[in-house]
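What you are looking at is a predicted structure, and each value in this text was computed from that prediction instead of being measured.
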Amino acid sequence: MRDLVAGIRYLGKGQRWVAQHGRWWGFGLIPALIALVLYAGVLTALALWSGDIAAWATPFADGWGEPWQELLRGVFVALLFAGGLTLSVLTFTAVTLLIGDPFYESLSRAVEESEGYCPPDPDRPLWQEIWIALRDSVHVLLRAAGFGILLFVLGFVPFLGQTVIPAIGFCVSGFFLAVELTSVAMQRREVPVRERLRLLRGRKGLAVGFGTPVVLLFLIPFVAVVLMPGAVAGATLLVRDLVPDGTEPPAPDEGAAAAGPDPAAPYGQTAAGAPYGQHGAGAPGQQPGAQGGFGPAPAPFPPSQGQSQAPQYPHPPSGPGSSAGRPPAGW
């Protein structure tokens, strides 16, 4: 239940983000408007020809008397149009994302940058990005179509087909819609489509909570166009929490700091070349070059100042008060 509520909140966060950045909201409307015109034509044709399609699909009912023939074909037309609407909701997002790939890629990047850090885009040409998006969308839609056919058949079951099955259908549509919407930010992280499905299956409540309200709202005419930019923004915010890797910039010189002293470097120096225990530009509160950690390396054994060079003995001469050969102060 917590994930379900969290998914709804991500949708609200996305809509709030585009409301605060009106230029990006208008920018994200362009591909959705193009897709809306295409789908309006297809659904209008389906509504006009649904009666003929029902008669063609149920020839066995030609000899039935009234009211059974009209009842059967009326149910068929209702289910056909409901299936068309559901398929439109699923494919609308995929087609809109395909048409508006450069638009929504820029929108998603702006959302990530406003949150602190945006992972770098894969080094691929635009045509390859569009091909990957198309291939992934087909993969998701084929899976969704399998569930859609099953739910369509179960829709003929008395009582369950008119109550429970539609509710399950909306949840399934919401899950796959969440997969589509998160594809923009997932692609930037180079997460393959099978891994995306696995990640969201592990958080079904989160995916259903995010996608199902979008499905229901998309059934209202023109609402899909208005909400599409915010849905992409909310999906980007969801991915940042679902896939935390890559949402923070890499720490500078992390490998050098962990390497420690270099065996080949002079005593007291690390592989990076800075004296061991020294902070380079200085830690807060220190002057540049100030010593830290264990301090500087010990000075070499110096000869006596102002005296002739004496031979070095392995051990200092013994005797009270003798100072020859003592190590300098600080050893």
Side-chain angles (χ1 to χ4, degrees), residues 7-8 10-11 14-15 18 28-36 38-39 42 83-109 111 129-148 151 169-219 223-243:
I8 298 172
Y10 279 116
L11 180 60
Q15 300 303 327
V18 294
L29 287 180
I30 298 172
L33 286 170
I34 297 172
L36 177 66
L38 296 175
Y39 275 86
V42 172
L85 282 175
T86 302
L87 188 62
S88 297
V89 170
L90 290 173
T91 57
F92 178 85
T93 304
V95 171
T96 305
L97 290 173
L98 189 63
I99 295 172
D101 185 75
F103 295 85
Y104 294 129
E105 180 64 35
S106 300
L107 171 61
S108 177
R109 190 185 306 113
V111 172
E129 291 285 335
I130 295 175
W131 165 249
I132 292 173
L134 176 61
R135 184 193 63 194
D136 292 350
S137 294
V138 169
H139 181 89
V140 173
L141 288 174
L142 287 175
R143 286 175 174 260
F147 283 96
L151 293 172
F170 281 122
C171 292
V172 171
S173 300
F175 174 84
F176 285 106
L177 186 61
V179 175
E180 286 288 349
L181 288 169
T182 54
S183 65
V184 178
M186 291 280 198
Q187 234 178 303
R188 183 181 299 112
R189 290 162 173 79
E190 301 193 72
V191 180
V193 63
R194 295 179 187 276
E195 181 65 14
R196 295 175 213 166
L197 288 164
R198 189 192 66 79
L199 285 170
L200 290 171
R201 277 200 304 267
R203 301 287 298 276
K204 287 188 184 73
L206 188 66
V208 171
F210 178 80
T212 304
V214 180
V215 171
L216 296 173
L217 291 170
F218 277 15
L219 295 176
V223 170
V225 177
V226 176
L227 294 184
M228 191 65 184
V232 173
T236 301
L237 295 172
L238 186 151
V239 170
R240 287 181 63 86
D241 291 343
L242 187 66
V243 189

Give me the atom names and distance for the closest heavy-atom approach of [X] to [Y].
| X | Y | answer |
| --- | --- | --- |
| Phe210 | Ala178 | CD2-CB, 4.2 Å |
| Ala207 | Leu200 | CB-CD2, 4.1 Å |
| Val111 | Ala233 | CG2-CB, 3.8 Å |

Quiz item: Does the side chain of Arg135 come under 3.5 Å of the side chain of His139 through a donor N or O and an acceptor N or O?
Solution: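 Note: Arg135 and His139 side chains miss the donor-acceptor criterion.
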Self-check item: Distance-only donor-acceptor check, side chains Arg188 and Ser108, under 3.5 Å
Solution: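 Looking only at side-chain atoms, Ser108 and Arg188 do form a donor-acceptor pair, the distance falling under 3.5 Å.
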[X] side, atom [atom1]; [Y] side, atom [atom2] - distance, nearest 0.5 Å:
| X | Y | atom1 | atom2 | answer |
| --- | --- | --- | --- | --- |
| Leu217 | Leu11 | CG | CG | 7.0 Å |
| Ile99 | Ile30 | CD1 | CD1 | 12.0 Å |
| Tyr10 | Leu242 | OH | CG | 8.0 Å |
| Leu227 | Leu29 | CG | CG | 10.0 Å |
| Leu181 | Phe176 | CG | CZ | 13.5 Å |
| Leu237 | Thr182 | CG | OG1 | 12.5 Å |

Self-check item: For Glu190, side chain to side chain contact (heavy atoms under 4.5 Å, CB included) partners two or more places apart
Solution: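 Side chain to side chain contact (heavy atoms under 4.5 Å, CB included) check on Glu190 returns Pro122, Arg124.
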Practice problem: Applying side chain to side chain contact (heavy atoms under 4.5 Å, CB included), run through Arg196 and Glu180 and close with a yes or a no. | Solution: CA-CA 10 Å; Arg196 295 175 213 166; Glu180 286 288 349; over 6 Å; no
Side chains of [X] and [Y] in contact at under 4.5 Å (non-hydrogen atoms):
| X | Y | result |
| --- | --- | --- |
| Arg189 | Arg240 | yes |
| Met186 | Asp136 | no |
| Val184 | Thr236 | no |
| Arg143 | Leu197 | yes |

Exercise. For Phe170, check ring pair (Phe, Tyr, Trp, His ring centres under 6.0 Å) against everything at least two apart and list the hits.
Key: none
Practice problem: Scan residues 197-211 for pairs that pass side-chain hydrogen bond (donor to acceptor under 3.5 Å, both in side chains), counting only residues two or more places apart or in two chains. | Solution: Asp3-Arg203, Glu195-Arg198
